[in-house]
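One structure below.
So you know, we letter chains A, B, ... as the sequences are listed, proteins then strands, and number each from 1. Atom set for the values below is all heavy atoms of this structure, side chains included, hydrogens, waters and symmetry mates excluded.
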Protein chains: 2
Amino acid sequence: MSDDRWEPPAILLAVDLVILTLRDSRLHVLLVERGIEPYKGAHALPGGFLQHSQEGLVAAAHRELAEEADLDVETLRLEQLGVYDDPDRDPRGRVVSVAFLAIAPRLPEPTAGTDAADAGWHPTDRVLSGDVRLAFDHRRIVADGIERARAKLEHSALATAFCGPTFTITELQDVYEAVWGMPLDPRNFYRKIKKTDGFILPAGSARKAATGRPARLFRAGPREVLYPPMIRPVDSPNGKEPVQ
Amino acid sequence: MSDDRWEPPAILLAVDLVILTLRDSRLHVLLVERGIEPYKGAHALPGGFLQHSQEGLVAAAHRELAEEADLDVETLRLEQLGVYDDPDRDPRGRVVSVAFLAIAPRLPEPTAGTDAADAGWHPTDRVLSGDVRLAFDHRRIVADGIERARAKLEHSALATAFCGPTFTITELQDVYEAVWGMPLDPRNFYRKIKKTDGFILPAGSARKAATGRPARLFRAGPREVLYPPMIRPVDSPNGKEPVQ
DNA sequence: CTACTTTTTGTCAGTTTGACAAAAACATAG
DNA sequence: CTATGTTTTTGTCAAACTGACAAAAAGTAG
(Lines give C-alpha, C1' and ligand atoms only; values in the text may rest on other atoms or scores of the structure.)
Protein backbone atom coordinates (compact mmCIF):
# COMPACT_ATOMS: atom_id res chain seq x y z
CA MET A 1 0.00 0.00 0.00
CA SER A 2 1.29 3.46 -0.87
CA ASP A 3 1.22 5.85 2.02
CA ASP A 4 4.14 8.20 2.20
CA ARG A 5 3.25 11.76 2.90
CA TRP A 6 -0.12 12.19 1.39
CA GLU A 7 -3.43 13.85 2.01
CA PRO A 8 -6.39 11.52 2.59
CA PRO A 9 -8.82 12.11 -0.27
CA ALA A 10 -12.18 13.54 0.72
CA ILE A 11 -14.41 10.61 -0.04
CA LEU A 12 -17.80 10.07 1.53
CA LEU A 13 -18.85 6.55 2.24
CA ALA A 14 -22.52 5.67 2.09
CA VAL A 15 -24.77 2.63 2.16
CA ASP A 16 -27.83 1.93 0.04
CA LEU A 17 -30.37 -0.79 0.65
CA VAL A 18 -32.32 -2.91 -1.76
CA ILE A 19 -35.09 -4.52 0.27
CA LEU A 20 -37.23 -6.89 -1.73
CA THR A 21 -40.51 -8.43 -0.74
CA LEU A 22 -43.52 -10.07 -2.29
CA ARG A 23 -46.94 -8.46 -2.25
CA ASP A 24 -49.80 -10.18 -4.00
CA SER A 25 -47.44 -12.23 -6.12
CA ARG A 26 -45.44 -9.31 -7.39
CA LEU A 27 -41.91 -8.35 -6.49
CA HIS A 28 -41.65 -5.03 -4.70
CA VAL A 29 -38.76 -2.86 -3.61
CA LEU A 30 -38.68 -0.46 -0.69
CA LEU A 31 -38.28 3.17 -1.74
CA VAL A 32 -38.27 6.44 0.11
CA GLU A 33 -39.16 9.86 -1.16
CA ARG A 34 -36.22 12.17 -0.74
CA GLY A 35 -36.92 15.08 1.59
CA ILE A 36 -33.79 17.04 0.76
CA GLU A 37 -31.70 18.04 -2.17
CA PRO A 38 -30.40 16.71 -4.39
CA TYR A 39 -33.21 14.88 -6.11
CA LYS A 40 -35.63 16.25 -3.55
CA GLY A 41 -39.03 14.66 -4.05
CA ALA A 42 -37.69 11.84 -6.16
CA HIS A 43 -37.80 8.22 -5.14
CA ALA A 44 -34.64 6.63 -3.91
CA LEU A 45 -33.33 3.63 -2.08
CA PRO A 46 -33.10 3.98 1.67
CA GLY A 47 -29.55 4.68 2.73
CA GLY A 48 -27.13 7.33 3.84
CA PHE A 49 -23.68 8.22 5.00
CA LEU A 50 -21.70 6.56 7.73
CA GLN A 51 -22.30 8.47 10.93
CA HIS A 52 -18.86 8.23 12.38
CA SER A 53 -15.59 6.65 11.41
CA GLN A 54 -16.07 3.60 13.55
CA GLU A 55 -19.53 2.69 12.36
CA GLY A 56 -19.67 -0.58 10.44
CA LEU A 57 -21.34 -0.70 7.06
CA VAL A 58 -23.94 -3.24 8.12
CA ALA A 59 -24.67 -1.26 11.28
CA ALA A 60 -25.14 1.87 9.21
CA ALA A 61 -27.46 0.01 6.91
CA HIS A 62 -29.64 -1.15 9.76
CA ARG A 63 -29.66 2.32 11.29
CA GLU A 64 -30.73 3.98 8.07
CA LEU A 65 -33.45 1.45 7.57
CA ALA A 66 -34.82 2.13 11.01
CA GLU A 67 -34.54 5.89 10.54
CA GLU A 68 -36.02 6.12 7.09
CA ALA A 69 -38.58 3.39 6.98
CA ASP A 70 -39.09 2.61 10.62
CA LEU A 71 -38.60 -1.03 9.82
CA ASP A 72 -37.33 -3.27 12.52
CA VAL A 73 -35.05 -5.49 10.63
CA GLU A 74 -33.04 -7.24 13.25
CA THR A 75 -33.86 -10.47 11.53
CA LEU A 76 -33.06 -9.24 8.03
CA ARG A 77 -29.89 -10.72 6.71
CA LEU A 78 -28.16 -8.11 4.66
CA GLU A 79 -25.95 -9.32 1.86
CA GLN A 80 -23.36 -7.22 0.17
CA LEU A 81 -24.49 -6.40 -3.32
CA GLY A 82 -21.71 -4.23 -4.65
CA VAL A 83 -19.88 -0.95 -4.57
CA TYR A 84 -20.97 1.95 -6.71
CA ASP A 85 -18.26 4.49 -7.21
CA ASP A 86 -18.83 6.43 -10.39
CA PRO A 87 -17.26 9.82 -9.55
CA ASP A 88 -20.29 11.61 -11.00
CA ARG A 89 -22.99 9.60 -9.33
CA ASP A 90 -23.65 12.21 -6.66
CA PRO A 91 -23.58 15.97 -7.37
CA ARG A 92 -22.45 16.69 -3.82
CA GLY A 93 -19.03 15.23 -4.41
CA ARG A 94 -17.31 11.90 -4.43
CA VAL A 95 -19.68 9.49 -2.78
CA VAL A 96 -18.85 5.82 -2.80
CA SER A 97 -21.79 3.71 -1.85
CA VAL A 98 -21.93 0.12 -0.70
CA ALA A 99 -25.22 -1.50 -1.63
CA PHE A 100 -26.83 -4.23 0.43
CA LEU A 101 -29.55 -6.65 -0.52
CA ALA A 102 -32.16 -8.21 1.71
CA ILE A 103 -35.15 -10.40 1.07
CA ALA A 104 -38.10 -10.44 3.38
CA PRO A 105 -41.49 -12.04 3.79
CA ARG A 106 -44.50 -9.79 3.37
CA LEU A 107 -43.43 -6.80 5.41
CA PRO A 108 -45.79 -4.22 6.89
CA GLU A 109 -46.36 -0.94 5.14
CA PRO A 110 -43.46 1.17 6.36
CA THR A 111 -44.06 4.58 7.89
CA ALA A 112 -42.06 7.60 6.92
CA GLY A 113 -39.12 8.30 9.17
CA THR A 114 -37.24 11.45 9.88
CA ASP A 115 -35.30 11.93 6.68
CA ALA A 116 -37.56 10.51 4.10
CA ALA A 117 -40.81 12.22 3.24
CA ASP A 118 -42.40 8.90 2.51
CA ALA A 119 -41.49 5.27 2.40
CA GLY A 120 -43.32 2.49 0.67
CA TRP A 121 -43.28 -0.59 -1.54
CA HIS A 122 -43.09 -0.22 -5.29
CA PRO A 123 -43.40 -2.96 -7.91
CA THR A 124 -39.98 -3.68 -9.32
CA ASP A 125 -41.18 -3.83 -12.89
CA ARG A 126 -42.33 -0.23 -12.65
CA VAL A 127 -38.87 0.71 -11.47
CA LEU A 128 -37.05 -1.29 -14.11
CA SER A 129 -39.27 0.03 -16.88
CA GLY A 130 -38.43 3.57 -15.84
CA ASP A 131 -42.05 4.18 -14.92
CA VAL A 132 -40.90 5.09 -11.45
CA ARG A 133 -37.83 7.32 -11.64
CA LEU A 134 -35.11 6.90 -9.06
CA ALA A 135 -32.45 9.30 -7.85
CA PHE A 136 -28.73 8.84 -8.47
CA ASP A 137 -27.82 5.47 -9.97
CA HIS A 138 -30.39 3.71 -7.86
CA ARG A 139 -32.23 2.14 -10.73
CA ARG A 140 -29.06 0.35 -11.69
CA ILE A 141 -28.60 -0.79 -8.13
CA VAL A 142 -32.14 -2.14 -8.03
CA ALA A 143 -31.55 -3.96 -11.28
CA ASP A 144 -28.38 -5.52 -9.91
CA GLY A 145 -30.20 -6.52 -6.75
CA ILE A 146 -32.97 -8.24 -8.64
CA GLU A 147 -30.55 -10.08 -10.85
CA ARG A 148 -28.69 -11.21 -7.75
CA ALA A 149 -31.92 -12.42 -6.19
CA ARG A 150 -32.79 -14.31 -9.36
CA ALA A 151 -29.45 -16.03 -9.39
CA LYS A 152 -29.57 -16.84 -5.70
CA LEU A 153 -32.93 -18.50 -6.09
CA GLU A 154 -31.23 -21.05 -8.27
CA HIS A 155 -28.59 -22.15 -5.84
CA SER A 156 -29.70 -21.15 -2.38
CA ALA A 157 -32.74 -21.60 -0.22
CA LEU A 158 -33.34 -17.85 -0.45
CA ALA A 159 -36.89 -18.36 -1.67
CA THR A 160 -38.02 -19.49 1.76
CA ALA A 161 -36.89 -16.11 3.09
CA PHE A 162 -39.72 -14.55 1.10
CA CYS A 163 -42.22 -16.77 2.83
CA GLY A 164 -43.48 -16.78 6.36
CA PRO A 165 -42.27 -19.30 8.92
CA THR A 166 -44.51 -21.88 7.31
CA PHE A 167 -45.69 -22.05 3.72
CA THR A 168 -47.10 -24.26 1.01
CA ILE A 169 -45.28 -25.42 -2.07
CA THR A 170 -47.55 -23.29 -4.19
CA GLU A 171 -46.55 -20.25 -2.19
CA LEU A 172 -42.94 -21.15 -2.78
CA GLN A 173 -43.67 -21.44 -6.46
CA ASP A 174 -45.24 -17.99 -6.39
CA VAL A 175 -41.92 -16.67 -5.13
CA TYR A 176 -40.01 -18.26 -7.97
CA GLU A 177 -42.50 -17.07 -10.54
CA ALA A 178 -42.52 -13.52 -9.22
CA VAL A 179 -38.77 -13.16 -8.98
CA TRP A 180 -37.94 -14.98 -12.18
CA GLY A 181 -40.86 -13.37 -13.94
CA MET A 182 -42.02 -16.55 -15.66
CA PRO A 183 -44.64 -19.22 -15.09
CA LEU A 184 -43.58 -22.66 -13.92
CA ASP A 185 -45.33 -26.00 -14.18
CA PRO A 186 -46.79 -26.76 -10.73
CA ARG A 187 -46.31 -30.52 -11.07
CA ASN A 188 -42.69 -30.41 -12.10
CA PHE A 189 -41.99 -27.71 -9.55
CA TYR A 190 -43.56 -29.82 -6.83
CA ARG A 191 -41.46 -32.81 -7.75
CA LYS A 192 -38.23 -30.81 -7.99
CA ILE A 193 -38.70 -29.10 -4.65
CA LYS A 194 -39.52 -32.28 -2.81
CA LYS A 195 -36.49 -34.10 -4.06
CA THR A 196 -34.07 -31.26 -3.42
CA ASP A 197 -32.60 -32.60 -0.26
CA GLY A 198 -33.07 -30.51 2.88
CA PHE A 199 -34.76 -27.61 1.13
CA ILE A 200 -38.08 -27.87 2.94
CA LEU A 201 -39.37 -29.87 5.88
CA PRO A 202 -42.95 -30.93 6.60
CA ALA A 203 -44.69 -28.76 9.14
CA GLY A 204 -48.00 -30.48 9.64
CA SER A 205 -50.80 -30.65 7.14
CA ALA A 206 -53.23 -27.78 7.13
CA ARG A 207 -55.89 -26.12 5.13
CA LYS A 208 -55.44 -22.94 3.24
CA ALA A 209 -57.55 -21.11 0.76
CA ALA A 210 -61.33 -21.25 0.62
CA THR A 211 -61.27 -23.38 -2.48
CA GLY A 212 -59.38 -26.37 -3.79
CA ARG A 213 -57.59 -29.17 -2.09
CA PRO A 214 -55.89 -28.06 1.13
CA ALA A 215 -52.14 -27.77 0.78
CA ARG A 216 -49.58 -29.22 3.11
CA LEU A 217 -47.47 -26.88 5.11
CA PHE A 218 -43.70 -26.81 5.14
CA ARG A 219 -40.95 -24.83 6.79
CA ALA A 220 -37.45 -23.97 5.65
CA GLY A 221 -35.02 -26.86 5.82
CA PRO A 222 -31.44 -26.80 7.03
CA ARG A 223 -29.93 -26.72 3.57
CA GLU A 224 -28.64 -23.31 2.54
CA VAL A 225 -27.03 -24.37 -0.73
CA LEU A 226 -29.33 -26.28 -3.01
CA TYR A 227 -28.18 -29.49 -4.60
CA PRO A 228 -29.20 -30.13 -7.21
CA PRO A 229 -29.81 -26.49 -8.05
CA MET A 230 -33.09 -25.08 -9.31
CA ILE A 231 -32.03 -24.16 -12.80
CA ARG A 232 -33.90 -21.32 -14.44
CA PRO A 233 -35.62 -22.30 -17.67
CA VAL A 234 -33.94 -20.82 -20.69
CA ASP A 235 -35.90 -17.80 -21.61
CA SER A 236 -32.75 -16.42 -23.12
CA PRO A 237 -29.92 -18.40 -21.65
CA ASN A 238 -27.43 -15.75 -22.53
CA GLY A 239 -26.94 -12.47 -24.31
CA LYS A 240 -25.17 -14.02 -27.22
CA GLU A 241 -26.95 -16.39 -29.52
CA PRO A 242 -26.01 -20.02 -30.09
CA VAL A 243 -23.20 -20.20 -32.58
CA GLN A 244 -22.45 -22.54 -35.45
CA MET B 1 -29.83 10.10 3.18
CA SER B 2 -29.01 11.87 6.40
CA ASP B 3 -26.84 14.92 5.95
CA ASP B 4 -27.73 17.79 8.19
CA ARG B 5 -24.78 19.52 9.74
CA TRP B 6 -22.30 16.84 10.21
CA GLU B 7 -18.60 16.13 10.01
CA PRO B 8 -17.51 13.70 7.31
CA PRO B 9 -16.01 10.69 9.09
CA ALA B 10 -12.31 10.12 8.49
CA ILE B 11 -12.45 6.92 6.52
CA LEU B 12 -9.75 5.76 4.18
CA LEU B 13 -10.74 3.93 1.04
CA ALA B 14 -8.42 1.31 -0.36
CA VAL B 15 -8.38 -1.39 -2.98
CA ASP B 16 -6.95 -4.88 -2.74
CA LEU B 17 -6.36 -7.25 -5.62
CA VAL B 18 -6.68 -10.98 -5.83
CA ILE B 19 -4.93 -12.00 -9.03
CA LEU B 20 -5.12 -15.69 -9.74
CA THR B 21 -3.19 -17.68 -12.28
CA LEU B 22 -2.19 -21.22 -13.04
CA ARG B 23 1.42 -22.37 -12.86
CA ASP B 24 2.23 -26.02 -13.50
CA SER B 25 -1.34 -27.07 -12.78
CA ARG B 26 -1.58 -25.33 -9.43
CA LEU B 27 -3.53 -22.25 -8.55
CA HIS B 28 -1.38 -19.30 -7.55
CA VAL B 29 -2.10 -15.88 -6.13
CA LEU B 30 -0.05 -12.73 -6.56
CA LEU B 31 1.44 -11.45 -3.32
CA VAL B 32 3.78 -8.63 -2.45
CA GLU B 33 6.11 -8.35 0.47
CA ARG B 34 5.25 -5.26 2.45
CA GLY B 35 8.07 -2.71 2.56
CA ILE B 36 6.53 -0.52 5.25
CA GLU B 37 4.74 -0.81 8.53
CA PRO B 38 2.35 -2.16 9.56
CA TYR B 39 3.07 -5.82 8.80
CA LYS B 40 6.41 -4.83 7.29
CA GLY B 41 8.01 -7.87 5.74
CA ALA B 42 4.81 -9.85 5.71
CA HIS B 43 3.08 -11.00 2.55
CA ALA B 44 0.02 -9.13 1.43
CA LEU B 45 -2.24 -8.62 -1.52
CA PRO B 46 -1.25 -5.83 -3.87
CA GLY B 47 -3.35 -2.75 -3.25
CA GLY B 48 -3.43 0.64 -1.68
CA PHE B 49 -5.30 3.82 -0.99
CA LEU B 50 -7.09 5.94 -3.52
CA GLN B 51 -4.72 8.63 -4.67
CA HIS B 52 -7.17 11.46 -4.95
CA SER B 53 -10.86 11.93 -4.46
CA GLN B 54 -11.67 11.61 -8.14
CA GLU B 55 -9.82 8.40 -8.78
CA GLY B 56 -12.06 5.47 -9.64
CA LEU B 57 -11.70 2.21 -7.77
CA VAL B 58 -10.85 0.22 -10.86
CA ALA B 59 -8.36 2.83 -11.94
CA ALA B 60 -6.73 2.72 -8.53
CA ALA B 61 -6.57 -1.05 -8.74
CA HIS B 62 -4.80 -0.94 -12.08
CA ARG B 63 -2.42 1.72 -10.85
CA GLU B 64 -1.47 -0.24 -7.76
CA LEU B 65 -0.93 -3.35 -9.79
CA ALA B 66 1.42 -1.52 -12.10
CA GLU B 67 3.22 0.14 -9.20
CA GLU B 68 3.62 -2.87 -6.98
CA ALA B 69 4.03 -5.73 -9.35
CA ASP B 70 4.95 -4.00 -12.58
CA LEU B 71 2.30 -6.02 -14.32
CA ASP B 72 0.76 -4.59 -17.42
CA VAL B 73 -2.80 -5.57 -16.96
CA GLU B 74 -4.68 -3.56 -19.48
CA THR B 75 -6.34 -6.73 -20.58
CA LEU B 76 -7.18 -7.98 -17.10
CA ARG B 77 -10.83 -7.75 -16.36
CA LEU B 78 -11.23 -6.85 -12.74
CA GLU B 79 -14.36 -8.03 -11.03
CA GLN B 80 -15.61 -6.66 -7.78
CA LEU B 81 -15.17 -9.22 -5.07
CA GLY B 82 -16.44 -7.46 -1.99
CA VAL B 83 -15.98 -4.77 0.61
CA TYR B 84 -14.01 -5.41 3.77
CA ASP B 85 -14.79 -2.97 6.50
CA ASP B 86 -14.05 -4.48 9.88
CA PRO B 87 -13.10 -1.39 11.93
CA ASP B 88 -10.10 -3.23 13.37
CA ARG B 89 -8.73 -4.65 10.17
CA ASP B 90 -6.04 -1.99 9.86
CA PRO B 91 -4.14 -0.59 12.86
CA ARG B 92 -3.68 2.75 11.14
CA GLY B 93 -7.35 3.59 11.46
CA ARG B 94 -10.58 2.98 9.70
CA VAL B 95 -9.69 1.56 6.34
CA VAL B 96 -12.46 0.24 4.13
CA SER B 97 -11.12 -1.84 1.31
CA VAL B 98 -12.77 -2.87 -1.92
CA ALA B 99 -11.37 -6.15 -3.19
CA PHE B 100 -11.14 -7.02 -6.86
CA LEU B 101 -10.65 -10.37 -8.49
CA ALA B 102 -8.92 -11.16 -11.76
CA ILE B 103 -8.02 -14.35 -13.51
CA ALA B 104 -5.14 -14.54 -15.91
CA PRO B 105 -3.31 -16.99 -18.13
CA ARG B 106 0.19 -17.89 -17.09
CA LEU B 107 1.61 -14.49 -16.28
CA PRO B 108 5.29 -13.63 -16.19
CA GLU B 109 7.17 -13.54 -12.94
CA PRO B 110 6.41 -10.03 -11.65
CA THR B 111 9.21 -7.71 -10.63
CA ALA B 112 9.14 -5.76 -7.43
CA GLY B 113 7.82 -2.26 -7.79
CA THR B 114 8.39 0.82 -5.75
CA ASP B 115 6.30 0.10 -2.70
CA ALA B 116 6.59 -3.60 -2.36
CA ALA B 117 9.85 -5.23 -1.44
CA ASP B 118 9.02 -8.21 -3.54
CA ALA B 119 6.19 -9.53 -5.64
CA GLY B 120 5.58 -13.08 -6.74
CA TRP B 121 3.24 -15.99 -7.21
CA HIS B 122 2.33 -18.20 -4.29
CA PRO B 123 0.33 -21.44 -4.34
CA THR B 124 -3.10 -20.76 -2.97
CA ASP B 125 -3.18 -23.88 -0.85
CA ARG B 126 -0.17 -22.65 1.08
CA VAL B 127 -2.02 -19.42 1.75
CA LEU B 128 -5.27 -21.10 2.74
CA SER B 129 -3.51 -23.56 5.00
CA GLY B 130 -1.86 -20.69 6.83
CA ASP B 131 1.53 -21.86 5.68
CA VAL B 132 2.07 -18.45 4.13
CA ARG B 133 0.90 -15.76 6.52
CA LEU B 134 -0.79 -12.68 5.12
CA ALA B 135 -1.18 -9.20 6.53
CA PHE B 136 -4.51 -7.70 7.59
CA ASP B 137 -7.53 -9.82 6.68
CA HIS B 138 -5.98 -10.72 3.36
CA ARG B 139 -6.16 -14.44 3.88
CA ARG B 140 -9.91 -14.13 4.16
CA ILE B 141 -10.02 -12.05 1.01
CA VAL B 142 -8.01 -14.66 -0.87
CA ALA B 143 -10.35 -17.37 0.36
CA ASP B 144 -13.35 -15.40 -0.83
CA GLY B 145 -11.68 -14.81 -4.17
CA ILE B 146 -10.99 -18.48 -4.69
CA GLU B 147 -14.51 -19.45 -3.77
CA ARG B 148 -15.80 -16.88 -6.23
CA ALA B 149 -13.56 -18.28 -8.94
CA ARG B 150 -14.76 -21.79 -8.19
CA ALA B 151 -18.37 -20.72 -8.48
CA LYS B 152 -17.76 -18.74 -11.64
CA LEU B 153 -16.19 -21.73 -13.32
CA GLU B 154 -19.56 -23.40 -13.07
CA HIS B 155 -21.60 -20.79 -14.85
CA SER B 156 -19.25 -18.69 -16.91
CA ALA B 157 -16.58 -19.24 -19.48
CA LEU B 158 -14.04 -17.94 -16.99
CA ALA B 159 -11.88 -21.02 -17.35
CA THR B 160 -10.75 -19.95 -20.79
CA ALA B 161 -9.35 -16.80 -19.21
CA PHE B 162 -6.79 -18.98 -17.47
CA CYS B 163 -5.64 -20.37 -20.79
CA GLY B 164 -3.72 -18.79 -23.60
CA PRO B 165 -5.44 -17.61 -26.78
CA THR B 166 -5.60 -21.22 -27.92
CA PHE B 167 -5.74 -24.34 -25.81
CA THR B 168 -6.59 -28.02 -25.71
CA ILE B 169 -9.49 -29.55 -23.86
CA THR B 170 -7.06 -31.23 -21.51
CA GLU B 171 -5.58 -27.84 -20.65
CA LEU B 172 -9.06 -26.59 -19.92
CA GLN B 173 -9.63 -29.58 -17.71
CA ASP B 174 -6.41 -28.76 -15.87
CA VAL B 175 -7.91 -25.38 -15.04
CA TYR B 176 -11.05 -26.91 -13.61
CA GLU B 177 -9.11 -29.46 -11.64
CA ALA B 178 -6.71 -26.92 -10.22
CA VAL B 179 -9.36 -24.40 -9.20
CA TRP B 180 -11.89 -26.91 -7.95
CA GLY B 181 -9.15 -28.98 -6.38
CA MET B 182 -10.49 -32.30 -7.55
CA PRO B 183 -9.85 -34.75 -10.40
CA LEU B 184 -12.34 -35.03 -13.23
CA ASP B 185 -12.96 -37.80 -15.72
CA PRO B 186 -11.35 -36.75 -19.02
CA ARG B 187 -13.96 -38.52 -21.15
CA ASN B 188 -16.98 -37.05 -19.46
CA PHE B 189 -15.31 -33.66 -19.30
CA TYR B 190 -14.59 -33.82 -23.00
CA ARG B 191 -18.17 -34.65 -23.82
CA LYS B 192 -19.61 -31.98 -21.54
CA ILE B 193 -17.38 -29.23 -22.85
CA LYS B 194 -18.08 -30.02 -26.48
CA LYS B 195 -21.81 -29.96 -26.04
CA THR B 196 -21.89 -26.80 -23.99
CA ASP B 197 -22.96 -24.52 -26.74
CA GLY B 198 -20.60 -21.71 -27.67
CA PHE B 199 -18.07 -22.43 -24.94
CA ILE B 200 -15.18 -23.28 -27.23
CA LEU B 201 -14.54 -23.06 -30.94
CA PRO B 202 -12.17 -25.17 -33.04
CA ALA B 203 -8.90 -23.45 -33.83
CA GLY B 204 -7.16 -25.88 -36.12
CA SER B 205 -5.74 -29.22 -35.18
CA ALA B 206 -2.21 -29.25 -33.90
CA ARG B 207 0.27 -31.30 -32.01
CA LYS B 208 1.24 -30.70 -28.46
CA ALA B 209 3.29 -32.68 -26.00
CA ALA B 210 6.10 -35.02 -26.89
CA THR B 211 4.02 -38.06 -26.15
CA GLY B 212 0.51 -39.27 -26.76
CA ARG B 213 -2.05 -38.48 -29.39
CA PRO B 214 -1.90 -34.86 -30.54
CA ALA B 215 -4.73 -32.76 -29.14
CA ARG B 216 -6.97 -30.47 -31.08
CA LEU B 217 -6.73 -26.79 -30.43
CA PHE B 218 -9.62 -24.55 -29.47
CA ARG B 219 -10.20 -20.93 -28.62
CA ALA B 220 -12.72 -19.25 -26.38
CA GLY B 221 -16.22 -19.13 -27.81
CA PRO B 222 -18.66 -16.23 -27.73
CA ARG B 223 -20.71 -17.61 -24.86
CA GLU B 224 -20.03 -15.88 -21.54
CA VAL B 225 -22.73 -17.61 -19.55
CA LEU B 226 -22.63 -21.38 -19.77
CA TYR B 227 -25.78 -23.29 -20.48
CA PRO B 228 -26.04 -25.92 -19.33
CA PRO B 229 -23.69 -25.06 -16.47
CA MET B 230 -20.67 -27.11 -15.48
CA ILE B 231 -21.88 -28.35 -12.13
CA ARG B 232 -19.21 -29.15 -9.56
CA PRO B 233 -19.29 -32.74 -8.35
CA VAL B 234 -20.51 -33.03 -4.80
CA ASP B 235 -17.47 -33.34 -2.67
CA SER B 236 -19.44 -31.79 0.14
CA PRO B 237 -22.41 -30.12 -1.47
CA ASN B 238 -23.01 -27.98 1.56
CA GLY B 239 -21.92 -27.29 5.06
CA LYS B 240 -24.91 -28.92 6.61
CA GLU B 241 -25.48 -32.61 6.20
CA PRO B 242 -28.42 -34.20 4.46
CA VAL B 243 -31.32 -34.36 6.85
CA GLN B 244 -34.09 -36.89 7.38
C1' DC C 1 -74.87 -35.26 -4.82
C1' DT C 2 -72.69 -32.50 -8.40
C1' DA C 3 -69.65 -29.09 -10.08
C1' DC C 4 -65.51 -26.71 -9.41
C1' DT C 5 -60.91 -25.68 -7.80
C1' DT C 6 -56.40 -26.59 -6.27
C1' DT C 7 -53.00 -29.90 -4.65
C1' DT C 8 -50.65 -34.10 -5.16
C1' DT C 9 -49.22 -38.31 -7.41
C1' DG C 10 -48.14 -40.56 -11.83
C1' DT C 11 -46.58 -41.57 -16.67
C1' DC C 12 -43.60 -41.38 -20.54
C1' DA C 13 -40.26 -40.20 -23.86
C1' DG C 14 -36.08 -37.64 -24.44
C1' DT C 15 -31.83 -35.88 -22.39
C1' DT C 16 -28.05 -35.77 -19.32
C1' DT C 17 -24.85 -37.99 -16.10
C1' DG C 18 -21.30 -41.13 -14.18
C1' DA C 19 -18.60 -45.05 -14.75
C1' DC C 20 -16.08 -47.44 -17.82
C1' DA C 21 -14.11 -49.57 -22.58
C1' DA C 22 -12.08 -49.19 -26.73
C1' DA C 23 -10.19 -47.06 -30.74
C1' DA C 24 -7.13 -43.43 -32.76
C1' DA C 25 -2.92 -40.95 -33.27
C1' DC C 26 1.10 -40.05 -32.38
C1' DA C 27 6.54 -40.82 -30.23
C1' DT C 28 10.14 -43.81 -29.10
C1' DA C 29 12.78 -48.08 -28.40
C1' DG C 30 14.37 -52.05 -30.21
C1' DC D 1 9.46 -51.43 -39.35
C1' DT D 2 7.19 -53.26 -35.49
C1' DA D 3 6.03 -53.24 -30.69
C1' DT D 4 5.05 -50.54 -26.75
C1' DG D 5 3.56 -46.63 -24.20
C1' DT D 6 0.97 -42.38 -23.78
C1' DT D 7 -2.61 -39.24 -24.48
C1' DT D 8 -6.74 -37.87 -26.95
C1' DT D 9 -11.10 -38.91 -28.79
C1' DT D 10 -15.23 -41.59 -29.63
C1' DG D 11 -18.50 -44.95 -27.73
C1' DT D 12 -21.62 -47.74 -24.55
C1' DC D 13 -24.87 -48.47 -20.94
C1' DA D 14 -27.66 -48.07 -16.98
C1' DA D 15 -29.37 -44.61 -13.74
C1' DA D 16 -31.05 -40.14 -12.89
C1' DC D 17 -33.25 -36.04 -14.33
C1' DT D 18 -36.36 -33.01 -17.23
C1' DG D 19 -40.46 -31.26 -19.66
C1' DA D 20 -44.96 -32.09 -21.08
C1' DC D 21 -49.06 -33.86 -19.81
C1' DA D 22 -52.98 -36.92 -17.34
C1' DA D 23 -55.37 -38.31 -13.61
C1' DA D 24 -56.53 -38.93 -8.84
C1' DA D 25 -57.31 -36.73 -4.26
C1' DA D 26 -59.34 -33.54 -1.11
C1' DG D 27 -61.54 -30.03 -0.17
C1' DT D 28 -65.70 -25.99 -0.83
C1' DA D 29 -70.01 -24.10 -2.81
C1' DG D 30 -74.42 -24.73 -4.57
### Query
If each of B:N188 and B:E171 is mapped to the nucleotide of DNA chain D with the nearest heavy atom, which maps nearer the 5' terminus, i.e. the 5' end?
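The answer here is B:E171.
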
### Task
Mind running a 4.0 Å heavy-atom check of residues 189-196 of chain B against DNA chain D and sending the residues that fall below it, in number order?
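Nucleic-acid contacts, sorted: B:Y190, B:R191.
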
Without decimals, in angstroms, what is the distance between [X] [atom1] and [N] [atom2]?
X      : N      : atom1 : atom2 : value
B:L217 : D:dT8  : CG    : P     : 12 Å
A:M230 : D:dT18 : CE    : C1'   : 12 Å
B:I231 : D:dC17 : CD1   : C1'   : 12 Å
A:Y227 : D:dA16 : OH    : P     : 13 Å
A:R232 : D:dT18 : CZ    : C1'   : 18 Å
A:L184 : C:dT7  : CG    : P     : 14 Å
A:D185 : C:dG10 : CG    : C1'   : 13 Å

### Message
Are more than 12 heavy atoms, taken from residues, nucleotides or ligands other than B:R140, located less than 6.0 Å from that residue's CZ atom?
### Response
no

### Task
Give a yes or no on this: more than 12 heavy atoms of other residues, nucleotides or ligands lie within 6.0 Å of atom CZ of A:R23.
yes

### Message
If you define the side chain from C-beta out and look only at heavy atoms, does anything of A:L201 sit under 4.5 Å from A:P222?
### Response
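A:L201 vs A:P222: side chains touch.
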
### Query
If we ignore angles and hydrogens, is there a donor and acceptor under 3.5 Å between the side chains of A:D144 and A:Y84?
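Present: a donor and an acceptor within the cut-off.
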
### Query
Any idea which heavy atoms bring A:L57 and B:D85 closest together, and the distance?
N-OD2, 2.8 Å

### Query
Which value, rounded to the nearest 0.5 Å, describes the distance between A:H122 atom NE2 and A:L31 atom CG?
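The NE2 atom of A:H122 sits 4.5 Å away from the CG atom of A:L31.
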
### Value rounded to 0.5 Å, distance of CD in A:Q173 from CH2 in A:W180
10.5 Å

### Summary
The contact string for nucleotides 22-30 of chain C, one letter per nucleotide 5' to 3', using protein heavy atoms under 4.0 Å with B, S and - for base, sugar-phosphate only and none, comes out as --BBBS---

### Task
Return the set of residues passing side-chain contact (heavy atoms from CB on, under 4.5 Å) with A:A157 (not counting sequence neighbours), or none when no residue passes.
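Only A:T160, A:F199, A:L226 meet the side-chain contact (heavy atoms from CB on, under 4.5 Å) criterion with A:A157.
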
### Query
Which class fits the ring pair A:H138 and A:F136: parallel under 30°, tilted 30 to 60°, perpendicular over 60°?
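Rings of A:H138 and A:F136: tilted, as their planes differ by 30° to 60°.
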
### Task
Assign B:T170 to base, sugar-phosphate, or nothing according to its heavy-atom contacts below 4.0 angstrom with the strands shown.
sugar-phosphate

